[in-house]
Every structure is written in C-alpha cells, then in structure tokens.
Number of protein chains: 2
Amino acid sequence: MTDTRTRILDLAEKLTQTKGFKEFSYLDLAADIGVKSSSIHYHFKAKADLALALVKRHRYRLDEVYARFDRDLVTPQERLRAVLAHFKEYIVDDRICMCGMMAAEFESINPGVRRELVHYFRDFQDWLAKQFSQLGHANPPTVGLQFLSALEGSLLLVRLEGDASVVDHALDGFVTR
Amino acid sequence: MTDTRTRILDLAEKLTQTKGFKEFSYLDLAADIGVKSSSIHYHFKAKADLALALVKRHRYRLDEVYARFDRDLVTPQERLRAVLAHFKEYIVDDRICMCGMMAAEFESINPGVRRELVHYFRDFQDWLAKQFSQLGHANPPTVGLQFLSALEGSLLLVRLEGDASVVDHALDGFVTR
DNA sequence: GTCTATAGGCAGATAGAC
DNA sequence: GTCTATCTGCCTATAGAC
C-alpha cells in the first residue's frame, strides 16, 4: 500500500490538473483518501506547502523523463514525439499540464512556488531547444518556446471540443519538418 | 457615470483575466465598486449568471473587433498583426485571455457557459482560418488552430518571466511567412 | 500518524425595509 | 436599486487525546 503522503500528492496532482489547485480542499483530499483533514495537515501543514511539494516532485520527475528519453531514444524527432505522447496521456482523464494550470492561477500563488514554476518551464524549454538544435533549426530557443506555447495552449483547448486530435494538429509541423 | 451593471461586468472581466472566475467573490466586486454584495446579486442573481453574461458580452465584442478589422484593414497580415496587438494590450495589466482562463477552469463551469466558451473559440479559429486562407495556406483551419494555441499558451507563460516578447516569439512566423 | 473537536473567517445566497 | 441583517455551509488551520 502506498504511503499516505504519496497518496495525497498523487490525488492533489490529479485534482490540480483537472480543476486547479485552488479548486480542491483538504476536506476533498481527506474524503477520497479515507482519512480526516487534520491528517492531511500533519503531512502538509499549510496548503502552500502542498503546492511547493507538488511542483518540486513534478520537476524532479520531468528531469527523469528527459534523462530516459535522452538515453533510450536516438533521434530528436523520436524524443519530441515521446514528450508529446507523454502529455497526450493526460487527455483521457481530462487533465492538462499541472504547471500550465498553476500558470493560469499564477496571481494567487506564493513566491516560492512561483520560482519553482518558472524553473519548470525554463528546463522544459531548454530541453526542447536542445532537440531543435540537433534538428538544425536556426533559432532553437524560439522554436522550443513555440512548441511549448502550442502544447500548453492546445491542452487548454482540447477539453472544450473533447477531441484529442486538437493537440496533434496544434503541434503538427514541429516533429516532421 | 457608467451604470452599475456595466461596472460589475468590467471589474469581473478584469478579475477573471488576472485571478480566474472562481477566485473573486461578490464581496470583492462590491468593495471595489462601492456597493453592498446584495446589490451585485440584484444585477446577477447567481454567480453562474454573471459568468454567462461575461462570456456573451465578450463574444459580442470579439465579433465587433473582427468586423472592424475586416472593414478597416486591407491585408490578412495587417489583420493578424492587429489581433495580436489586441491581446498584447492585456499583458501590461497581467491579464490573459478571459476565455483562456475560463478554459482552464472548465471543469467547474456549468453547461450553458461551456457552450458559449466553445462558440467563442470556434468563431476565433474560423476568423483566423479565413485570414490564412487568403494567405494561400494549404490547411487554413489547422493553421488557425496553431495560431490560437500558441497565443493562449504564450499568454499563460508570459506572466512567469514578465517579458512580453514571449508572445511575439511564440507567434513568430505566422504573420510573416 | 490519525483522531475528535473546534475556532474564525469567508463564501454564495435570500428576505424584507427604504 | 441599494440597503441591513441573516442563514447555511465550507474553508484553512490548530489543540490536544490516543
């Protein structure tokens, strides 16, 4: 059985991706996990602490994903396609990018979490730039930003029509050209 | 002096663009406008009514913007640049696209408002497709979606770095190629 | 670690006077 | 149209027992 702390993080991540971080309560978490809300406070004293743990874990995991792709996949095209597939897995559960959601909630997020968010997107863009650099693009950071923007934007839009191909079409051209 | 109803809508729109629709209360609106929250309820009985009025007014206004651009501007490039400039005006106030924000909050939004949101983005994409069609693109709807995704995504990201050029770079290529 | 109990505050919403 | 007063419910958070 997974420990409570991890189960809290997993559920909080899912709820952030679907509803937003401000849109669930410790009571929601407690009810779903099967404990009392005071137990959630034991693991994460304030909700801001939960937010920080959430983004830090997410950054750490993304680093692992990059490392795995860099190690196991040969061409930049393969790696870009793999990242796209990774985000497309969210769609079936009506999730979007957790950090994209938090970016929308940016104004009500505290400085420590903001800093982590900034780093998340910088790391992401840097990794993307590296791939486009290997593909011989003239301006890799810009193309990385374009990929990132199109990805975040299309994840925002995909739930409205309920058609996952929106993401494919929005990113069309980046992995083939 | 602007009537109270309009002042409520203006303030609610601004707060939705910065914090999100679920992140402000009737108390917030009341305090800023200088009335009591019961007066806000007089104009918009439930908060869902306010959401609907907000998106409907926004759609109506966007239609007017399209019409003005179609009438006053000659080339598709000029019109695309004008739309981009329109959204870039938000950035100085840390606003993002109101409907983009609501798209992030999609899961906690009621069916009537969802429908309006869907129509907003369809109209936007259709208008964009028309411009790209005139520019001779092979697949105008797809390019319209790419423009829209990159716009929404970059508006999400622009507040993290506080650098407005993010939007320009993310949309680079669409108006020049 | 998890529980019971509780505090203090703010949310959306309504009734009825002016 | 705007007010006062009020209801109910949920929120984050804490104290202290087991």
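The chains referred to below are lettered A, B, ... by the order of the sequence lines, with proteins before strands, and numbering in each begins at 1.
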Distance-only, no hydrogens or angles: does the Ser39(B) side chain make a donor-acceptor pair with backbone N or O of Val35(B) under 3.5 Å?
->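 Absent.
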What are the residues of residues 29-50 of chain B, sorted by number, that bring a heavy atom to within less than 4.0 Å of DNA chain C?
->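 Correct list: Ser38(B), His41(B), Lys45(B), Ala46(B), Lys47(B).
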In residues 101-110 of chain B, what residues come within less than 4.0 Å of DNA chain C, judged by heavy atoms?
->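 When residues 101-110 of chain B is checked for heavy atoms under 4.0 Å from DNA chain C, there are no hits whatsoever.
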How many Å lie between [atom1] on [X] and [atom2] on [N], as a whole number?
| X | N | atom1 | atom2 | answer |
| --- | --- | --- | --- | --- |
| Phe24(A) | dA11(C) | CZ | P | 19 Å |
| Tyr26(B) | dT4(D) | OH | P | 19 Å |
| Glu23(A) | dC10(D) | CD | P | 15 Å |
| Leu27(B) | dT4(D) | CG | C1' | 14 Å |

Arg114(A): what forms a salt bridge (charged side-chain N to carboxylate O under 4.0 Å, His left out) with it, not counting sequence neighbours?
->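 Checked Arg114(A) against salt bridge (charged side-chain N to carboxylate O under 4.0 Å, His left out); zero matches.
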Atom CG in Leu80(B), atom CZ in Phe69(B): separation rounded to 0.5 Å?
->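 With rounding to 0.5 Å, CG (Leu80(B)) is 10.0 Å from CZ (Phe69(B)).
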Establish, for the pair Lys36(A) and Tyr26(A), whether the NZ or CZ atom is under 6.0 angstrom from the six-membered ring centre and no further than 45 degrees off its axis.
->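 Not satisfied by the 6.0 Å and 45° rule.
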Is the charged tip of Lys56(B) near the ring of Tyr120(B): under 6.0 Å from the six-membered ring centre and within 45° of its axis?
->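 The answer is no; the distance or angle limit is not met.
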Distance flag, aromatic centroids of Tyr90(A) and Phe87(A), threshold under 6.0 Å =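 Phe87(A) vs Tyr90(A): aromatic centres under 6.0 Å.
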Should the pair Tyr66(B) and Phe124(B) be assigned to parallel (<30°), tilted (30 to 60°) or perpendicular (>60°) ring geometry?
->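 Judged by the thresholds at 30° and 60°, the geometry between Tyr66(B) and Phe124(B) is tilted.
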Note: Arg5(B)-Asp3(B) ion pair, threshold 4.0 Å (strictly below) |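 Answer for the salt bridge query: no.
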